[in-house]
Amino acid sequence: MPSADVVVIGAGLSGLSAGIALAEAGASVFVAAKGMAATHWSHGALDIAAPPRAENAREGLRWLSADERHPYHRLAGDVEAALALLSGQVAAAGLPYEGGLDTPFASVVTPIGGVRPVSVAPSAQLAALQPWGSDEGLLLVDFERFRDAWAAYAARNAAGVTWQATRPARIRGLSVELPTLDRVHNLSSLDLARFFDDPGWRARALEAIRIALPRTGRWRIGLPAVLGIEAHADVLRDAQRSLGHPLFEVPGLPPSVPGLRLFEALRSRLLGAGARFQFGFPVVEVERDGRRVVAMHTESASRTLRLVADRFVLASGGIAGGGLRGERDGTLRDSVLGLALTGPARAAWFDDDFLATKHPIEAAGFTVDDELRPLAADGSPAFENVHVVGSALGGMHYLAERCGDGVAIASAARAARCAIGPSAAVRGAA
């Protein structure tokens, strides 16, 4: 029967960040997750706050925090320190991030040729954030038999969209045949990343790309985000030396290699701090004593595993992650505690436009107090020893507002501080 000071349910950005802060502050921590989190399909950059027309994340944060229903109304003051803490943690793992709250948004090209605003990104995407020179072109590259990148298609689309600030002087697509893969089919991004980890194969692959590049003109090269997993820093360095042009990774379809790098950096930090980690089993039972949770049971190989703790951090995700569910009667509940959540009536869950980026159901989630404890209908804490973090918090449209990562790390810092005291949110920055 495992026991801990704090049990964290969920291993996305918010759950891992909370677990690290707690463990490095001296708490015994058990992290349990039922499956892959958003890190495994995200673009690897950090969405702090980028509502339409904001020029940087600090401005976006100020706008969003003015809405009393938004998580940033409570958490805006936690964001900057949480971002600095996360940046230090991943840099120590060899995965430095660039940019900050005051970095102007740049238009970064997507796999299908759209653009998205970015101001904080891993170093492999840094070149995408730089202003474009008046005669500098964008060369998007894909690889034969790799079906998750479409350079020619993306180039055509990117030429017709509106870019923020500067834009490339010209945009082209290029397909490259990589060595030894002529008999390999259905390559995933993870397959290619592992190939690039091998120094011998990497040298031949980079030479094949270099030979295929245009002979004239200034170019910035967008490569699929497959530049290594375990040896990413070496792969990125070799690619920058070999190709002779600035380059950046273009994240594509899941599995997300940049997201996997971030997940692994944080998971390693968590385990290094002494936390325990269980992956692959959902919570199936919650023991309660009045307004306190006593234990949570997760599935395991032979019988349920009873997790006893003084405090619980709920990082189980929102609609997309399965942390929230809609009942037939239109009630919205969380999938762990079974509490009713704040959200629109069933008839108003979705916009008439299926492709809209702001469906009302997206804002469903927990209403919480300043300690991030879920509130009951009477406004009092439903559970005194539970803190909710990440996309389970209600009141935000994280796709349109691009605020999900900022809410994740800020709420994780707040939950850690409330669970075992102020030192939990600040220790372990190095």
Side-chain angles (χ1 to χ4, degrees), residues 6-10 12 14-15 18 32-35 37-38 67-75 282-299 304 307 309 311-351 358-399 401 403-404 407-408 410-412 414-415 418-419:
V6 186
V7 165
V8 179
I9 302 299
S14 61
K34 71 175 181 179
D67 183 349
E68 294 184 357
R69 299 165 297 179
H70 200 284
Y72 276 156
H73 188 68
R74 285 187 168 86
L75 297 172
V283 174
V284 294
E285 182 184 348
V286 177
E287 292 183 37
R288 302 167 170 85
D289 181 9
R291 294 200 174 190
R292 292 185 64 84
V293 171
V294 175
M296 292 188 181
H297 295 246
T298 67
E299 288 183 353
T304 64
L307 305 175
R311 296 272 177 172
F312 295 82
V313 174
L314 193 60
S316 52
I319 290 289
L324 314 182
R325 67 173 188 265
E327 307 289 0
R328 290 182 180 275
D329 64 358
T331 303
L332 294 166
R333 296 188 181 277
D334 85 283
S335 60
V336 175
L337 299 173
L339 293 177
L341 303 174
T342 302
R346 183 174 181 177
W349 281 1
F350 301 105
D351 190 282
K358 208 170 184 179
H359 289 282
I361 189 68
E362 188 185 6
F366 285 96
T367 301
V368 295
D369 64 10
D370 286 343
E371 296 186 17
L372 303 184
R373 296 176 298 182
L375 298 182
D378 63 1
S380 63
F383 294 105
E384 297 174 353
N385 64 333
V386 174
H387 308 275
V388 181
V389 298
S391 55
L393 295 169
M396 61 177 164
H397 293 273
Y398 50 83
L399 291 178
E401 297 164 352
C403 62
V407 169
S411 59
R414 175 72 66 89
C418 293

Over all atoms of both residues, closest heavy-atom pair of Arg74 and Arg414: O-NH2, 2.7 Å
Side chain to side chain, Val283 and Leu307, heavy atoms closer than 4.5 Å: no
Pair Arg69, Thr342: side-chain N/O donor-acceptor within cut-off below 3.5 Å: no
Note, Val286 side chain near Phe312 side chain (heavy atom, < 4.5 Å): no
Ser14 side chain to Ala408 backbone, donor-acceptor under 3.5 Å: no
Closest non-hydrogen atom pair, Phe366 against Pro374: CD2-CB, 3.6 Å
Ile9 backbone acceptor or donor facing Ser316 side chain under 3.5 Å: no
Beyond-backbone contact of Lys34 with Glu299, side-chain heavy atoms, under 4.5 angstrom: no
Flag side-chain contact, heavy atom, 4.5 Å: Leu337 against Met296: yes
Side-chain heavy-atom pair Pro381, Glu371 within 4.5 angstrom cut-off: no
Minimum heavy-atom distance between Cys418 and His387, given as atom pair plus value: CB-CE1, 3.8 Å
Under 3.5 Å donor-acceptor, Arg311 side chain and Glu384 backbone: yes
Gap between atom CG of Leu399 and atom CD of Glu362 - 0.5 Å precision: 4.0 Å
Minimum side-chain heavy-atom gap Asp334-Val388 below 4.5 Å: no
Close side-chain approach of Val389 to Val313, heavy-atom, < 4.5 Å: yes
Spacing of CE belonging to Met396 relative to NE2 belonging to His73, to within rounding of 0.5 Å: 15.5 Å
